[in-house]
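Single-structure report; data block below.
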Amino acid sequence: MELKLYDTLSREKRPFEPLDPKRVRMYVCGPTVYDFAHIGNARPVIVFDVLYRLLRHVYGPDRVTYVRNITDVDDKINARAARDFPDLPLNDAIRRVTEKTAQQFHEDVAALGCLPPTVEPRATEFVLPRDDGKTDMVTLIQQLIARGHAYEAGGEVLFDTQSMPDYGKLAGRQLDEQQAGARIAVDAHKKHPTDFVLWKQSSADEPGWKSPWGRGRPGWHIECSAMSAAYLGETFDIHGGGLDLIFPHHENEIAQSRCAHGTPFMANYWMHNGFLQVEGEKMSKSLGNFITINELLTGWQGTNWPGDAVRLCMLRTQYRQPINWTLQGLEESVATLSNWYDGLDKESSQADLPAEVADALADDLNTPQMIAALHGLKRRGDLSGLKSALRFLGFSNNRKALTQTVEVSDDLAVKVDGLIAARTRARQSKNFAESDRIRDELAAMGVVLKDSKEGTTWEMAR
Ligand code: AMP
Ligand code: ZN
């Protein structure tokens, strides 16, 4: 079996060779913890979990280090903390939001059959120099300034993109092009519009750390440069995330890491999952088609979907392609699993991983072909091969988990969600008489609405 992975930077599928065969190193950008993870966020978690399992299979479980960070410093977190815990001091409120959200995230992705990564560093623990000497953000920024790749201006420290000849290579963008495009607001203090923030000042009521540049907080990109170096070193094998992270996030991570360490590359393979849409539309709170992982598991469209079915539904599409998330896809996934699980309880799962399953995955995670291979095992009656493959892939093999797919008597929830979507549409078309009428109808049902910038949530009146 030869493992091949598509690399966004070289734009080709290449045989995978670890830099150090005794230690395969992978970094994937993790969640910003301010709200429930949505089903799009589940995609990179599931995709890179499958890759993690495959790497462990090929190189041995002790020889793979998988780092996925938690972003627990971000202006969205601050806003959420102030909104949800107005009576607490901001730092306490922030801790409440990030701890609650991180725990929810862990529960959600565990239910989807994902292994925890080897380490899960939190950004706030890597801002200042550490007792253990692991790479931190302030030291990286100092190195960038010392090497002439960053400058202080307007109370910020900025990365000087013109100091790096091949800045823009990952995304395939030229600096000049970007200047001409000028969609990025030209801040007067920047030397070039693509220069990005490494450090910014915090006001008294924002979270901040004492630094050589005053009390402030890091930009987003520097976090991942610090945490990947802290656990994986200056260069490593695989860096992953969703397509939307290619620019600017990953481009900027590369710029920071290479320029701070003086290395010719950051990661040897850059992998990006495609985007997920819901029933053919971009998922967004204002369209009322925004689905969290938790909602799927506890009641979406009248059903509490088993984690196994969500996982299979995600893997039906190769990771680089866009996914159209549909109710029908979930229903088909439940049916497929109940066919596969039928009769498996008597089988042992001691068989080796069947070669056709491993080979499909080794071809840049060709999961549709892998699913075809699983159907083949079932057809040929190789139930022990099927069982060991499903176990390897993170499925529960638990038939009972599927039969729990009952109609949750959530007619009410479905009705409320429908009315809220109708009210949102009415408000968008400025039909306020209709939106008020729907609000009253919901109130009569005992439903209290809460509107915010992110959309509308509801609860039953107490
Ligand atoms: P965020 O918390 O927005 O930084 O996203 C966390 C991860 O989820 C990143 O790897 C994103 O690229 C990925 N992601 C966000 N939305 C989607 C989506 N609709 N489809 C696929 N991946 C997504
Ligand atoms: Zn990152």
Side-chain angles (χ1 to χ4, degrees), residues 5-11 19 25-32 41 44 48 65-74 117 119-127 134-145 147 149-150 156-173 175 178 184 192 194-200 217-273:
L5 298 174
Y6 182 86
D7 170 28
T8 310
L9 185 58
S10 59
R11 293 174 172 74
L19 298 166
R25 290 164 288 171
M26 171 162 85
Y27 185 93
V28 175
C29 297
T32 304
N41 302 137
F48 291 103
T65 308
Y66 172 18
V67 180
R68 188 184 63 216
N69 71 291
I70 288 185
T71 297
D72 60 351
V73 47
D74 185 282
V119 252
E120 198 171 41
R122 287 169 194 244
T124 48
E125 290 165 14
F126 289 81
V127 178
K134 283 192 161 47
T135 312
D136 65 273
M137 302 178 215
V138 164
T139 305
L140 270 186
I141 297 170
Q142 283 175 317
Q143 278 166 1
L144 287 169
I145 295 174
R147 287 173 175 261
H149 291 292
E156 294 178 333
V157 183
L158 294 148
F159 186 91
D160 181 355
T161 48
Q162 292 166 106
S163 73
M164 186 190 188
D166 53 359
Y167 179 80
K169 196 166 165 222
L170 180 74
R173 300 184 182 205
L175 279 189
Q178 297 186 23
I184 312 161
H192 190 275
T194 50
D195 290 358
F196 56 89
V197 172
L198 300 169
W199 189 265
K200 57 187 159 197
R217 59 194 191 285
W220 171 35
H221 317 301
I222 196 74
E223 288 177 16
C224 291
S225 284
M227 289 181 278
S228 59
Y231 287 100
L232 301 177
E234 295 178 352
T235 56
F236 52 93
D237 297 301
I238 299 170
H239 193 315
L243 210 58
D244 57 323
L245 299 188
I246 295 176
F247 194 88
H249 186 52
H250 289 166
E251 193 72 62
N252 293 350
E253 280 189 41
I254 292 175
Q256 295 163 159
S257 295
R258 285 185 47 199
C259 293
H261 305 307
T263 41
F265 66 95
M266 178 186 187
N268 214 2
Y269 297 80
W270 285 86
M271 295 179 64
H272 295 99
N273 64 268

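Being a predicted model, the structure only gives us computed values, none of them experimental.
- Separating the CE atom in M227 from the CD atom in E253 is a distance of 9.0 Å, to the nearest 0.5 Å.
- Using a 4.0 Å cut-off between charged nitrogen and carboxylate oxygen, R68 and E120 count as a salt-bridge pair.
- Side chain to side chain, H261 and T263 fail the donor-acceptor criterion of an N or O pair below 3.5 Å.
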| task | Quick one: do D72 and T124 satisfy side chain to side chain donor-acceptor pair (under 3.5 Å)? Show the steps, please. | result | CA-CA 6 Å; D72 60 351; T124 48; 2.7 Å; yes
Evaluation steps, side-chain contact (heavy atoms from CB on, under 4.5 Å), between I238 and M271 = CA-CA 7 Å; I238 299 170; M271 295 179 64; 3.8 Å; yes
- Task: Evaluate the criterion side-chain contact (heavy atoms from CB on, under 4.5 Å) for residue pair V28 and Y66; output intermediate values, then yes/no.
- Result: CA-CA 8 Å; V28 175; Y66 172 18; 3.6 Å; yes
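- The distance from atom CG of N252 to atom CD1 of I222, rounded to the nearest 0.5 Å, is 10.0 Å.
- With sequence neighbours excluded, the residues satisfying side chain to side chain contact (heavy atoms under 4.5 Å, CB included) with D7 are L9, S10, R14, Y269, W270.
- Within the model, atoms NE2 of H192 and OG1 of T161 stand 5.5 Å from one another, a figure rounded to the nearest 0.5 Å.
- Counting all heavy atoms, side chain and backbone alike, C224 lies closest to H249 at SG-NE2, 3.5 Å.
- Between D160 and R147, none of the side-chain N atoms (NZ, or NE/NH1/NH2) sits under 4.0 Å from a carboxylate O, so this pair counts as no salt bridge.
- Annotation for F48 and G240: closest pair CZ-CA, 3.6 Å, computed over non-hydrogen atoms.
- Contact between T135 and A226 at its shortest, heavy atoms only, is CB-O, 3.7 Å.
- W220 is listed as a side-chain neighbour of T71, based on a closest heavy-atom distance under 4.5 Å.
- Ring geometry for F196 versus F159: interplanar angle under 30°, hence parallel rather than tilted (30 to 60°).
- With rounding to the nearest 0.5 Å, the separation of CE in M137 from CG in L198 is 11.5 Å.
- What you find for K134 and A230 is that their closest heavy atoms are CE-O, 3.7 Å.
- Put simply, the side chain of F247 does not reach to within 4.5 Å of the side chain of L170, judged on heavy atoms.
- Atoms NE2 and OG, on H239 and S228 in that order, are 5.5 Å from each other to the nearest 0.5 Å.
- In this structure the side chain of M26 never reaches within 4.5 angstrom of the side chain of T65, judged on heavy atoms.
- Each salt bridge (Lys or Arg N to Asp or Glu O under 4.0 Å) pair with one or both residues in residues 228-251, not counting sequence neighbours, would appear here, but there are none.
- Ring to ring, H250 and H221 are not that close: their centroids are 6.0 angstrom or more apart.
- The structure places CG of L144 at 11.5 Å from CG of L158, a figure rounded to the nearest 0.5 Å.
- Residues S257 and S225 bring a donor and an acceptor atom of their side chains to less than 3.5 Å of each other.
- Between P218 and V73 the shortest heavy-atom distance is CG-CG1, 4.5 Å.
- A distance-only check finds no donor-acceptor pair linking the side chain of D136 to the backbone of F126 [under 3.5 Å].
- By the 4.5 Å heavy-atom criterion applied to side chains, Y6 and R11 are counted as neighbours.
- Residues V67 and L232 meet the side-chain proximity criterion, which asks for heavy atoms closer than 4.5 Å.
- Pairing each heavy atom of G241 with each of L245, the nearest pair is CA-CD1, 4.2 Å.
- Using a 4.5 Å heavy-atom cutoff, the side chains of L19 and F265 are in contact.
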